[in-house]
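Since the structure comes first, as structure tokens, the remarks are kept for the end.
Since this is a predicted model, take the numbers as computed values, not measurements. Each ligand, and each atom within it, is numbered from 1 in the order the structure gives.
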Amino acid sequence: MSGFAISRRRFLTGASVGTASLALGGCDAFDSYLSSDSKVRQTLERANDLSYRVQRLLQGRDALAQEFSAADIRQPQRPNGITSPDDEAYNALLTNGFADWRLEVSGLVQRPLSLSLTQLQSMPSRTQITRHDCVEGWSAIAQWQGARLSALLDVVKPAATAKYVVFHCADPMEEGGQSPYYESIDMDDAYHEQTLLAYALNGQPLPIANGAPIRLRVERQLGYKHAKYVMRLELVESFAHIAGGKGGYWEDQGYQWYAGI
Ligand SMILES: Nc1nc2c(c(=O)[nH]1)N[C@H]1C(S)=C(S)[C@@H](COP(=O)(O)O)O[C@H]1N2
Ligand SMILES: [Mo]
């Protein structure tokens with residue numbers, strides 16, 4: 001049994017990280033070979049689809065990412081990507097300690113919702129010690145606490161047509177407030193036990209550098225899927241109409257949509 005687990009893990013690593021390392025030089029550097037008509041990109045997209053299906057098939061919908069003990073936390077969670085959103089509305093909310101911040105939940109739901117941070121913090125929560133893996137080649141083990149996304153979904157009641165949850169963030173990735181960061185996950189990951197809207201890191205309120213007031217934890221995927229500065233959730237049937245249409249800011253630059261570890 002454990003022998004099978006090990007070889008399965010090796011196989012998964014080969015299937016997913018192999019294509020990932022080809023596509024992903026790092027969070028900052030990109031080349032034009034990732035334009036949508038390039039052969040390389042088309043090949044990567046086919047590999048992406050394959051690794052998603054293979055992982056779902058072999059790993060199962062509910063499989064848990066590895067969890068660690070407090071003794072395994074050896075360094076602070078390294079802030080990466082945007083660490084201080086250049087956005088007026090965000091900075092106004094920050095000045096007020098996020099007292100006026102609201103998480104909007106809209107799209108294909110029966111009961112659209114607007115939640116304060118206090119309300120979110122009173123929802124069913126989970127605390128977990130997990131490892132964050134960034135494609136730039138670093139990892140960090142940290143304790144995350146947050147509301148279970150599944151509990152929130154039980155309140156808003158997704159329509160039968162909803163296939164993805166889109167996370168809209170506060171931080172613009174281009175000058176002049178353009179291209180806010182965004183991400184998306186499917187309903188299997190959305191209802192997964194370890195998928196959290198996290199508001200605490202290593203027992204402290206989530207620092208600004210790590211995504212205050214809340215950031216997504218989606219533990220079976222790579223770092224760029226873990227959207228920080230989340231302002232709005234949108235349930236959709238397709239993300240083709242959002243930004244570049246690939247389901248996330250880095251996906252629009254050529255990263256894989258399913259970033260299984
Ligand atoms: N809104 C937003 N979310 C983001 C990013 C970002 O730049 N903006 N960077 C991503 C990347 S590449 C990584 S590795 C992690 C970094 O999270 P950390 O700063 O807590 O280490 O956040 C992800 N989520
Ligand atoms: Mo990353």
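- Ligand 1 has an N or O atom lying under 3.5 Å from an N or O atom of R78, backbone or side chain.
- Counting only N and O atoms by type, the side chains of S179 and E174 include a donor and acceptor under 3.5 Å apart.
- Salt-bridge formation is detected for the pair R74/D72: a Lys NZ or Arg NE/NH1/NH2 atom is positioned less than 4.0 Å from an Asp or Glu carboxylate oxygen.
- Close N/O approach between C169 and ligand 1 is not found [any backbone or side-chain N/O within under 3.5 Å].
- No hydrogens or angles considered: nothing links the side chains of Y229 and D87 as a donor-acceptor pair under 3.5 Å.
- Those atoms of ligand 1 that come under 4.0 Å of a heavy atom in G81, given as number and element, are 7 (O).
- One finds no salt bridge joining R126 and E219 here, because no Lys/Arg side-chain nitrogen approaches an Asp/Glu carboxylate oxygen to under 4.0 Å.
- For the pair M123/V155, a side-chain contact is recorded, criterion being any heavy-atom separation below 4.5 Å from C-beta on.
- Both the backbone and the side chain of Y224 come within 4.0 Å of ligand 1, judged by heavy-atom distances.
- D186 and Y258 share no donor-acceptor pair across their side chains, judged by distance under 3.5 Å alone.
- Against a heavy-atom cut-off of under 4.0 Å, Y229 is close to the following atoms of ligand 1: 1 (N).
- Those atoms of ligand 1 that come under 4.0 Å of a heavy atom in P79, given as number and element, are 19 (O), 21 (O).
- In K228, the parts holding a heavy atom less than 4.0 Å from any atom of ligand 1 are both the side chain and the backbone.
- Residue-level proximity to ligand 1 for N80 is carried by backbone and side chain together, each with a heavy atom below 4.0 angstrom.
- A salt bridge does not link D133 to K225: none of the charged side-chain nitrogens sits closer than 4.0 Å to a carboxylate oxygen.
- When side chains are defined from C-beta on, W250 counts as touching M173, because their heavy atoms get closer than 4.5 Å.
- When heavy-atom distances to ligand 1 are checked against a 4.0 Å cut-off, K225 has no atom that comes that close, whether in backbone or side chain.
- The closest approach between any non-hydrogen atom of F167 and ligand 1 is not below 4.0 Å.
- With distances taken over non-hydrogen atoms, the option nearest atom 17 (O) of ligand 1 out of E183, E136, M231, R215 is R215.
- Listed by atom number, the atoms of ligand 1 under 4.0 Å from W138 heavy atoms are 14 (S), 21 (O).
- In summary, the atoms of ligand 1 found under 4.0 Å from a heavy atom of Q77, numbered by their order in the structure, are 18 (P), 20 (O), 21 (O).
- Of all atoms in ligand 1, numbered sequentially from 1 with element shown, those under 4.0 Å from a heavy atom of C134 are 14 (S).
- Taking every non-hydrogen atom of A209 and a distance limit under 4.0 Å, the qualifying atoms of ligand 1 come out as 19 (O).
- Interface atoms of ligand 1 facing I82, defined by a heavy-atom separation under 4.0 Å, are 6 (C), 7 (O).
- Considering backbone and side-chain atoms alike, H226 places an N or O below 3.5 Å from some N or O of ligand 1.
- Surrounding CD of E175 are at most 12 heavy atoms belonging to other residues, nucleotides or ligands under 6.0 Å away.
- Under a 3.5 Å cut-off, the side chain of R217 and the backbone N or O of Q194 do not form any donor-acceptor pair.
- Between K228 and E183 there is no salt bridge, since none of the side-chain N atoms of the basic residue sits less than 4.0 Å from a carboxylate O of the acidic one.
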